[in-house]
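Reading through the structure tokens given below for one structure.
Sequence lines set the chain letters: A, B, ... in the order given, protein chains first and strands last, and positions in each chain run from 1. Computation of the quantities below employed the complete heavy-atom set of this structure, encompassing side-chain atoms and omitting hydrogens, waters and symmetry-equivalent molecules. Remember, it's a predicted structure, so these values are computed and weren't measured experimentally.
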Number of protein chains: 2
Amino acid sequence: MENSTSTTEERILEAAKKVFHCKGFDGARMQEIADEAGVNKSLVHYYYRNKDNIFQAVFEDAFSKLITKLNEIFYSDLDFKSKITIFVSYYVSFLSENSYIPLFILNGLYEKPDMIKAMLKKKNFAPEKLMEQIRKQVKEELHLEIDPFHLYINILALSIFPVIAKPLIQTIFGYSNDQLKQFNEERKTVVPDFILNALKGYENEHRN
Amino acid sequence: MENSTSTTEERILEAAKKVFHCKGFDGARMQEIADEAGVNKSLVHYYYRNKDNIFQAVFEDAFSKLITKLNEIFYSDLDFKSKITIFVSYYVSFLSENSYIPLFILNGLYEKPDMIKAMLKKKNFAPEKLMEQIRKQVKEELHLEIDPFHLYINILALSIFPVIAKPLIQTIFGYSNDQLKQFNEERKTVVPDFILNALKGYENEHRN
DNA sequence: GTCTATATCGGGATAGAC
DNA sequence: GTCTATCCCGATATAGAC
């Protein structure tokens with residue numbers, strides 16, 4: 001089964017990602033992970049001992065992929081408008097290609113809250129700094145006193161929700177795969193415009 | 001077990017809602033549904049024959065609860081701004097009280113796409129009318145040519161996402177239940193303001 | 001309609017040979 | 001490290017008594 005350069009452990013992890021992302025913890029089968037990796041079921045246990053462990057590895061991978069890029073963009077020294085534009089564009093692209101990840105993460109938080117909390121602590125993820133950073137930058141550049149929490153959640157909502165709701169959108173609007181792709185492309189400009197227009201609105205409000 | 005006025009079948013359905021909403025299809029156990037309803041496991045099979053059937057009943061209930069109110073508000077003869085305000089306020093309240101429903105529905109669309117599609121067809125849910133209606137109303141009242149699909153998705157995203165992401169918000173921001181409640185209360189004004197400000201922004205754009 | 005008992009199967013996990 | 005065989009529990013579903 002040495003059909004690629006990757007090690008067996010890596011191939012199992014890749015297989016586990018595929019299966020867990022689509023099926024979630026409860027829906028996933030160790031057998032399916034083994035099949036997907038082209039190995040025996042026992043080997044999965046050999047490398048990861050049990051289902052919880054391999055799930056955790058998959059979750060950690062997905063979560064840090066999202067967070068790393070998010071921090072990278074928001075802590076960069078770009079101006080705020082560029083941050084929004086780049087963030088949305090990057091996230092829509094990344095999530096479209098990995099459309100199972102966001103729902104997988106949200107489900108994980110419900111299914112395995114303790115496991116996840118422990119992981120977050122370990123990763124030392126601190127949003128307070130990020131909030132303060134957003135608040136300050138919006139004040140300095142746009143001369144607005146806004147609540148960074150709500151703005152942050154709004155940005156995430158507009159970028160992430162349409163990807164999560166992919167099957168809903170396809171079913172309800174009757175979109176083909178191509179039409180959905182186009183829809184996502186459009187969002188790369190629609191969403192930043194929407195957010196920046198909203199902020200401009202507050203600006204005008206303040207001037208009245 | 002005649003401890004309430006409801007019939008056994010109703011009690012089972014209520015129990016099934018609780019369990020399916022929290023655990024999803026794969027995570028739910030027929031035994032747990034029976035326990036929650038205070039009846040024997042076999043009775044659940046007696047009334048619903050199998051797990052798929054009872055899941056479908058639960059899904060249909062959740063979905064039509066959401067859609068009915070949505071249609072009611074958007075097809076009413078309120079002006080558009082009021083629609084937004086009322087919609088967001090109602091949805092944030094409803095979803096906060098039933099915070100498992102949106103994720104449950106989204107998961108259902110991935111887990112049981114065929115079952116769900118058949119149901120949607122049966123319910124005869126037609127969004128084209130709604131889109132045309134939004135487009136027309138925004139044009140007449142706000143004098144804006146906008147894409148109703150994107151606006152519609154934006155409204156849903158801003159209303160629904162924070163509820164889905166509840167455990168994420170609580171874990172990351174370290175919110176207590178009371179703080180989260182307050183956060184949701186705030187969104188009832190923050191979100192309509194955000195949307196209406198964004199539209200105002202387009203308005204200004206057009207005038208330049 | 002409601003219960004007990006049981007059939008049947010699938011899935012996580014382990015033992016042990018190679 | 002990798003495989004086969006197997007254990008054992010838990011979960012859906014059914015049969016049948018009351």
Detail all sub-3.5 Å separations between protein N/O atoms and N/O atoms belonging to nucleotides 14-18 of chain C.
{"from": "C:dT14", "atom 1": "O4", "to": "A:S42", "atom 2": "OG", "distance (Å)": "3.2"}

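The phosphate of D:dT2 has OP1 or OP2 within less than 4.0 Å of a side-chain N or O from A:T8. Taking only side-chain nitrogens and oxygens, B:Y46 never comes nearer than 4.0 Å to OP1 or OP2 of D:dT14.
Note: CD1 (B:I12) to P (C:dG1) measures 11 Å, nearest angstrom. A:I33 places its CD1 atom 11 Å from the C1' atom of C:dG12, with the value rounded to the nearest Å. Following rounding to the nearest Å, B:E9 (CD) and C:dT2 (P) show an atom-to-atom distance of 10 Å. Spacing between atom CD of B:Q31 and atom P of C:dT4 amounts to 11 Å, rounded to whole angstrom units. Between the C1' atom of C:dA13 and the CZ atom of A:F55 lies a distance of 19 Å, rounded to the nearest Å. In this structure, NZ of B:K51 is placed 18 Å from P of C:dC9, rounded to the nearest angstrom. Atom C1' of nucleotide D:dT14 and atom OH of B:Y47 are separated by 18 Å, given to the nearest angstrom. Rounded to a whole Å, the CD atom of B:E10 is 15 Å from the C1' atom of C:dG1.
Note that CD1 of A:I172 and CE of B:M131 are 8.5 Å apart. Values are rounded to the nearest 0.5 Å. Considering CG of B:L142 and NZ of B:K81, their distance stands at 6.0 Å, rounded to 0.5 Å.
Taking the six-membered ring for Trp and thresholds of 30 and 60 degrees, B:Y202 and A:F194 have ring planes inclined between 30 and 60 degrees apart. Between B:Y91 and B:F94, the angle of the ring planes lies from 30° to 60°, which puts this pair in the tilted group.
Screening A:K17, A:K112, A:K122, A:K65 against A:E60 for a salt bridge (charged side-chain N to carboxylate O under 4.0 Å, His left out) leaves a single residue, A:K122. None of B:S89, B:S159, B:S93 except one satisfies the side-chain hydrogen bond (donor to acceptor under 3.5 Å, both in side chains) rule with B:K188; the exception is B:S93.
A salt bridge is defined here as a Lys NZ or Arg NE, NH1 or NH2 lying under 4.0 Å from an Asp or Glu carboxylate O, and B:E132 with B:K129 fails to meet this definition. Salt bridge annotation for B:E14-B:R11: absent, with no cationic side-chain nitrogen under 4.0 angstrom from a carboxylate oxygen.
Rounded to 10°, the helix from C:dG1-D:dC18 to C:dC18-D:dG1 has 0° between the axis fitted to its first five pairs and the one fitted to its last five.
Pairs engaging residues 7-34 of chain B under the ring-ring contact (aromatic ring centres under 6.0 Å, His included) rule: B:F20-B:F55, B:H21-B:F104, B:F25-B:F55 [sequence neighbours left out].
Taking A:Q179 as the reference, A:Y175, A:S176 meet the side-chain contact (heavy atoms from CB on, under 4.5 Å) condition, with sequence neighbours excluded.
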For residues 41-50 of chain A, please give each side-chain donor-acceptor pair under 3.5 Å, one per line with the distance, not counting sequence neighbours.
{"from": "A:S42", "atom 1": "OG", "to": "A:N40", "atom 2": "OD1", "distance (Å)": "3.3"}
{"from": "A:N50", "atom 1": "OD1", "to": "A:D52", "atom 2": "N", "distance (Å)": "3.3"}
{"from": "A:N50", "atom 1": "OD1", "to": "A:N53", "atom 2": "N", "distance (Å)": "2.9"}

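Closest approach to the B:N40 side chain among C:dA13, D:dT2, C:dT4 is made by C:dT4 (side chain taken as heavy atoms from C-beta onward).
Looking at residues 18-30 of chain A, you'll see A:A28, A:R29, A:M30 sit with a heavy atom under 4.0 Å from some atom of DNA chain C.
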